[in-house]
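My questions will all concern the structure given below.
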Amino acid sequence: MSIPVIDLSGALAAGSKQVNEVVHLLRQAATSSGFFYVKNHGIDPVLIQRQFALCEQIFDLPLSTKMKYDQSLNASHLGFEQLSAQKSDYNAKPDIKEGFYCGKTYSADHPYVLAKYQGYGINQWPSEVPEMEQYCQEYIAELSLLAKRIMQLLALSLELDEHYFDECCHDPMMTLKMLRYPPHPADADENSFGVGAHTDWGSITILAQDNCGGLEVCLPDGSWVTAPPIEGTFVVNLGDLIPRWSNDLFKSNPHRVRNMYADGKSRYSIPFFYGPNYMTHIYALPGTVKDTESYRYKPCTAGEHMEEMYMKAYALNAEEQKVLEKI
């Protein structure tokens with residue numbers, strides 16, 4: 001089994017009459033690995049390359065500068081993530097990566113900002129990179145439109161109305177992450193990863209990756225396959241809210257990264273995480289629970305789910321915390 005490439009050229013507009021093949025392929029991917037590539041997605045390649053250049057510029061800043069914008073200084077965890085601050089695989093070592101997280105700019109008096117909900121905080125923009133806010137906000141705006149369209153196609157693949165998810169896409173939870181993976185350590189053991197095996201937490205992730213490779217996806221049979229860069233595409237995967245919504249009809253499969261194929265260079269990737277409005281109630285979608293079945297999850301809000309997952313991912317043990325403090 002390989003990860004399919006889905007051509008969106010005839011399905012980008014809502015109400016398009018050429019969506020049937022896309023919806024069919026999307027359902028096949030969603031019920032197996034939960035991963036697929038998209039091409040002809042409508043995002044200007046110049047915008048993507050500009051974001052990668054910005055990514056390198058950010059991580060080239062001195063550590064002392066980056067620490068002025070550490071995510072621990074922000075109530076909703078936006079800002080710089082130190083190397084090894086996160087442990088994606090709870091049974092492995094902390095991730096060998098550093099990151100910078102940002103989100104859509106909301107006004108300071110927005111009720112979700114006032115409530116300090118995750119993903120709705122005030123961004124930390126390094127003054128040392130004055131163009132960063134503009135570039136990130138333009139990228140977020142474009143990717144959010146693509147994400148909303150993919151959610152409409154997912155609705156169709158679930159035999160729902162095309163606009164079923166539109167309401168929960170109002171003020172969605174969105175996080176743009178810029179990540180740098182240093183070369184994989186030569187003496188690394190089998191429990192060391194750039195990002196350990198994990199599933200994403202929200203609805204969908206739209207990933208731009210450089211040409212280094214290193215992304216690996218777990219298939220339903222437990223085998224791992226590479227998801228190499230394909231020019232002109234994004235990698236899209238479903239997050240944990242989708243199986244929770246669909247009673248496990250659609251899948252959110254584990255994936256991981258090891259920067260072992262870049263000839264000693266750093267690997268950069270830019271995932272865009274998209275989820276519903278924080279207060280969206282997550283329960284079984286129509287048609288996903290058969291008469292002989294029961295709903296497998298406890299109903300919750302999208303925000304409650306995200307907060308729970310965040311606390312697990314950053315709960316380092318005492319020894320790991322000491323390592324982090326020495327960096």
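The figures that follow rest on heavy atoms only: side chains count, while hydrogens, waters and symmetry mates do not.
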- Message: Any side-chain to backbone donor/acceptor pair from Q209 onto A227? Under 3.5 Å, distance only.
- Response: yes
- Item | Shortest non-hydrogen contact between I282 and P276, atoms and distance |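 In this case the closest contact between I282 and P276 is CD1-CG, 4.4 Å.
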- Message: Can a side-chain donor-acceptor contact be found between N237 and D200 if the only test is distance below 3.5 angstrom?
- Response: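 Short answer, yes.
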- Does the pair K87/D95 count as a salt bridge with the N-to-O cut at 4.0 Å?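 D95 and K87: not salt-bridged.
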- Task: Could you tell me whether the side chains of T280 and N277 share a donor-acceptor contact shorter than 3.5 Å?
- Result: no
- Message: Does D263 have more than 12 heavy atoms from other residues, nucleotides or ligands lying within 6.0 Å of its CG?
- Response: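 No - once you tally the heavy atoms of other residues, nucleotides and ligands closer than 6.0 Å, there are 12 at most.
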- Query: For residues Q82 and K66, is any side-chain donor paired with an opposing acceptor at under 3.5 Å?
  - Reply: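 Result is no, nothing qualifies.
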- Report yes or no: does N191 contribute a side-chain atom to a donor-acceptor pair with the main-chain N or O of K93 at less than 3.5 Å?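 No; zero donor-acceptor contacts below 3.5 Å.
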- Message: One pair to check against side chain to side chain contact (heavy atoms under 4.5 Å, CB included): R256 and V195. What are the steps and the verdict?
- Response: CA-CA 5 Å; R256 65 192 184 192; V195 170; 5.7 Å; no
- Is the cationic atom of R267 (NZ for Lys, CZ for Arg) positioned less than 6.0 Å from the six-membered ring centroid of Y181 and within 45 degrees of its normal?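 The answer is yes; both the distance and angle limits are met.
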- Message: Let's go through Q86 and K97 carefully: what are the C-alpha distance in whole Å and the side-chain angles of both, what is the deciding distance for side-chain hydrogen bond (donor to acceptor under 3.5 Å, both in side chains) to 0.1 Å, and is it a yes or a no?
- Response: CA-CA 9 Å; Q86 183 179 10; K97 67 170 173 59; 3.0 Å; yes
- Task: Establish, from distance only, whether the side-chain atoms of Y101 and E81 form a donor-acceptor pair under 3.5 Å.
- Result: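 Side-chain D/A pair, Y101 to E81: present.
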- Contacts of H255 meeting ring pair (Phe, Tyr, Trp, His ring centres under 6.0 Å) (sequence neighbours excluded), chain-then-number -> F35, H198
- Using the test side-chain contact (heavy atoms from CB on, under 4.5 Å), find all partners of P4 that sit at least two apart in sequence or belong to another chain.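 Checked P4 against side-chain contact (heavy atoms from CB on, under 4.5 Å); matches are A29, F36.
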- Item | Separation of N123 CG from I140 CD1 (nearest 0.5 Å) | 6.5 Å
- When rounded to the nearest 0.5 Å, the distance separating CZ of F100 from CD1 of I270 is 13.5 Å
- Between the CG atom in L249 and the CG atom in L158, the distance rounded to the nearest 0.5 Å is 6.5 Å
- Search all heavy atoms of W224 against all heavy atoms of A197 and return the closest pair with its distance.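 Where W224 meets A197 most closely, the heavy atoms are CH2-CB, 3.8 Å.
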- Distance (rounded to the nearest 0.5 Å) between L26 CG and E21 CD: 11.5 Å
- Query: When you check the side-chain N and O atoms of S33 and N253, is any donor under 3.5 Å from an acceptor?
  - Reply: no
- Query: Just one of Y278, Y120, Y112, Y117 clears the ring-ring contact (aromatic ring centres under 6.0 Å, His included) bar with Y106, so which one?
  - Reply: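 Running ring-ring contact (aromatic ring centres under 6.0 Å, His included) over Y278, Y120, Y112, Y117 with Y106 returns exactly one hit, Y120.
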- Task: Please check if the side chain of S223 supplies one atom and the backbone of L219 the other of a donor-acceptor pair under 3.5 Å.
- Result: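 Not a single qualifying donor-acceptor pair exists.
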- Inspect the surroundings of NE2 in H110 and state if more than 12 heavy atoms from other residues, nucleotides or ligands are less than 6.0 Å away.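 It does: H110 NE2 has more than 12 such atoms within range.
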- Residues R149 and E162 bridged, charged N to O under 4.0 Å: yes
- Could you tell me whether Y69 and F80 have their ring centroids closer than 6.0 angstrom? no
- Is a side-chain N or O of S252 found less than 3.5 angstrom from the main chain of L238, in a donor-acceptor match?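 Yes; at least one donor-acceptor contact below 3.5 Å.
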- Message: On a heavy-atom basis, which atom in P185 and which in I96 lie closest, and how many Å separate them?
- Response: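 Between these two residues, the closest heavy atoms are CD-CD1, 3.7 Å.
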- Within the side chain of H305, is there an N or O that forms a donor-acceptor pair under 3.5 Å with the backbone of W201? yes
- Message: Please find the pair of heavy atoms, one from N40 and one from L12, that lie closest to each other, and give the distance.
- Response: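 Closest approach of N40 to L12, heavy atoms only: O-CD1, 3.6 Å.
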- Test: K177 cationic atom under 6.0 Å from F273 six-membered ring centre, within 45° of axis: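 Yes, K177 and F273 form such a contact.
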- In plain terms, say whether E56 and R180 are close enough for a salt bridge, that is, a side-chain N and a carboxylate O under 4.0 Å apart. no
- Task: Return yes if a side-chain donor-acceptor contact under 3.5 Å exists between E138 and Q134, otherwise no.
- Result: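 Per modelled atom types, E138 and Q134 side chains form a pair under 3.5 Å.
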- Close aromatic pair by centroid cut-off 6.0 Å: Y164 and W245: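 No, the ring centres sit 6.0 Å or more apart.
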- Item | For the student: nearest non-hydrogen atoms of A302 and L241, plus distance |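 Of all heavy-atom pairs spanning A302 and L241, the closest is CB-CD1, 4.1 Å.
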- Message: Could you measure the distance from the CG atom of L176 to the CD atom of Q137? Nearest 0.5 Å is fine.
- Response: 9.0 Å
- Item | Polar contact flag, side-chain donor to acceptor under 3.5 angstrom, Q152-D166 | yes
- Query: What is the minimum heavy-atom distance between K265 and P183, and which atoms define it?
  - Reply: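 Looking at all heavy atoms of both residues, the closest pair is O-CG, 3.8 Å.
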